[in-house]
**Q** 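Below: one structure in structure tokens.
Here is the naming used below: chain letters follow the sequence lines, and residue numbers restart at 1 for every chain. The structure presented is a predicted model; accordingly, all values stated were derived computationally and were not measured. What's counted below: heavy atoms across the whole structure, side chains too, no hydrogens, waters or symmetry copies.
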2 protein chains.
Amino acid sequence: MKERKALDSEEDINNLLALDNQLCFALYAVNRAITGRYRPLLAELDLTYPQYLVMLVMWEADRKGDSPRVSSIGERLRLDSGTLTPLLRRLEQRGLLTRQRSSEDERVVTVALTDEGRAMREKASDVPLRLLCDLGVGPEQAVQLREDLRDLLSRVEGDR
Amino acid sequence: MKERKALDSEEDINNLLALDNQLCFALYAVNRAITGRYRPLLAELDLTYPQYLVMLVMWEADRKGDSPRVSSIGERLRLDSGTLTPLLRRLEQRGLLTRQRSSEDERVVTVALTDEGRAMREKASDVPLRLLCDLGVGPEQAVQLREDLRDLLSRVEGDR
DNA sequence: GGATAACATGTTGTGCACAATATAGTTGTT
DNA sequence: AACAACTATATTGTGCACAACATGTTATCC
């Protein structure tokens, strides 16, 4: 038999590494699994999940008559220009939106939907329901989890 | 005033798109926020988060005297060879582990820790606690959320 | 009004994530 | 033995994600 004390602290480390694995890894794995579930639905629109998120922001802004700047989109989605610039460029090349540098402030690039981008909104409107059905998660459970995640997000982002 | 009916269905679509945004987007955003929290801690070990996950699996296997094959690691982390092969190659180049093709079955590549890789475990042992403190999440809350996420994961992965 | 700081976006480089395909080895059937 | 089916890993290509740096712009302080 081994010593009791040394074994315990070893076990503690094992448990911590395992717990940690399961807490943050669960998040990591679920996130990839869910974007995997989106993939076939979004493939019908020829969009990736991050592209879909950008389109959601754009549809929302467009309804208010806004043409958001790149930084606004980044703020909303917590993505930086290194991610957004090439992503927006691809959507622009496909004719879903336009990017235009402001004449007032040359640093600013405003993004606007084209008619084609606006039209895609209808084709995308059934994605959320189809996904929720696909997941087999009840609405109240979904809301609860979303609240927990939002709470966690504010904690994680809170004190920098 | 606009028609009641048309406005309602428009609002429904808006709500769905917004709810969807918030549920799955919350997961997406929290995941990135948390790996961002890991980043400075893991930078001390010169590891990325996926590399850290692989090392966790390796430390766990090593304790049992195992030298897992690439596919076992991938199964555990839900990652495929396109992700793991270059990642493992980088860890091998740094001398943390070895990759060896099995002589019994030449298709199989087994991965084993080096002494250096084994030694890193101690330096990494305080990462989980430091992260939990950093997040400001209580243990019982963490356990609850982990359970919810594991439940969700089994749902999402369940029926393919 | 000229240095300087703060700002908005873009560029470059590294490292995942994953689909599609390739390669090579193994097993089973005839 | 020959061949097909299957398996394990590697390779290639596209698209994020983010850090570090570059470029040009505006504002501010003196």
**Q** For A:Asp66, is there an ion pair with A:Lys64 - N to carboxylate O distance below 4.0 angstrom?
**A**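 Judged by the 4.0 Å cut-off on N to carboxylate O distance, A:Lys64 and A:Asp66 do not form a salt bridge.
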
**Q** Would you call the rings of B:Tyr49 and A:Tyr28 parallel, tilted or perpendicular if under 30° counts as parallel and over 60° as perpendicular?
**A**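 Judged by the thresholds at 30° and 60°, the geometry between B:Tyr49 and A:Tyr28 is perpendicular.
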
**Q** Quick one: is C:dC16 close enough that its OP1 or OP2 comes under 4.0 Å of any side-chain N or O from A:Tyr28?
**A** no

**Q** Between B:Thr85 and D:dA10, is there a side-chain N or O to OP1/OP2 distance below 4.0 Å?
**A**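 B:Thr85 to D:dA10 OP1/OP2: side-chain N or O found under 4.0 Å.
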
**Q** Distance alone, cut at 3.5 Å: any donor-acceptor contact between the side chains of B:Asp148 and A:Gln144?
**A** no

**Q** Taking only side-chain nitrogens and oxygens of B:Thr83, does any of them come within less than 4.0 Å of OP1 or OP2 of C:dC16?
**A**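 No, B:Thr83 has no side-chain N/O under 4.0 Å of OP1/OP2 on C:dC16.
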
**Q** Would you kindly compare B:Gly82 and A:Gly82 by the position of their nearest DNA chain C nucleotide and give the one closer to the 5′ end?
**A**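 The residue whose closest nucleotide sits nearer the 5' end is A:Gly82.
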
**Q** Return the nearest nucleotide to the side chain of B:Arg90; candidates are C:dC18, C:dG15, C:dG10.
**A** C:dG15

**Q** For A:Leu79 and for A:Arg107, locate the closest nucleotide of DNA chain D by heavy-atom distance; then report the residue assigned to the nucleotide nearer the 5' terminus.
**A**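 On the 5' side of the pair lies A:Leu79.
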
**Q** Is there a donor on the side chain of A:Ser81 or the base of C:dG10 sitting less than 3.5 Å from an acceptor on the other?
**A** yes

**Q** Starting the side chain at C-beta, find the nucleotide from D:dA19, D:dT26, D:dA10 nearest to A:Asp105.
**A**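 Of the options given, the side chain of A:Asp105 lies nearest D:dT26.
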
**Q** Give a yes/no on whether any side-chain N or O of B:Arg101 is located under 4.0 angstrom from OP1 or OP2 of D:dT9.
**A**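 For D:dT9, neither OP1 nor OP2 has a side-chain N or O of B:Arg101 closer than 4.0 Å.
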
**Q** Using a 4.0 Å heavy-atom cut-off across all strands, classify B:Ser71 as base, sugar-phosphate, or nothing.
**A** sugar-phosphate

**Q** Would you classify A:Leu87 as touching base, sugar-phosphate or nothing, given that sugar-phosphate means primed atoms plus P, OP1 and OP2, and contacts are heavy atoms under 4.0 Å?
**A** sugar-phosphate

**Q** Between A:Arg78 and D:dA17, does any side-chain N or O lie under 4.0 Å from OP1 or OP2?
**A** no

**Q** Establish, with yes or no, whether the OP1 or OP2 oxygen of D:dT14 is under 4.0 angstrom from a side-chain nitrogen or oxygen of A:Thr48.
**A**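 No, because none of the side-chain N or O atoms of A:Thr48 sits under 4.0 Å from OP1 or OP2 of D:dT14.
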
**Q** Kindly point out which of D:dA17, C:dG10, D:dA10 is positioned nearest to the side chain of A:Val70?
**A**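 Given the options D:dA17, C:dG10, D:dA10, the side chain of A:Val70 is closest to C:dG10.
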
**Q** Counting only side-chain N and O atoms of B:Gln51, is one of them less than 4.0 Å from OP1 or OP2 of C:dG15?
**A** no

**Q** On DNA chain C, nearest-nucleotide positions of B:Glu104 versus A:Arg99: which is more 5'?
**A** A:Arg99

**Q** Under a 4.5 Å cut-off applied to non-hydrogen side-chain atoms, are B:Leu113 and B:Met120 in contact?
**A** no

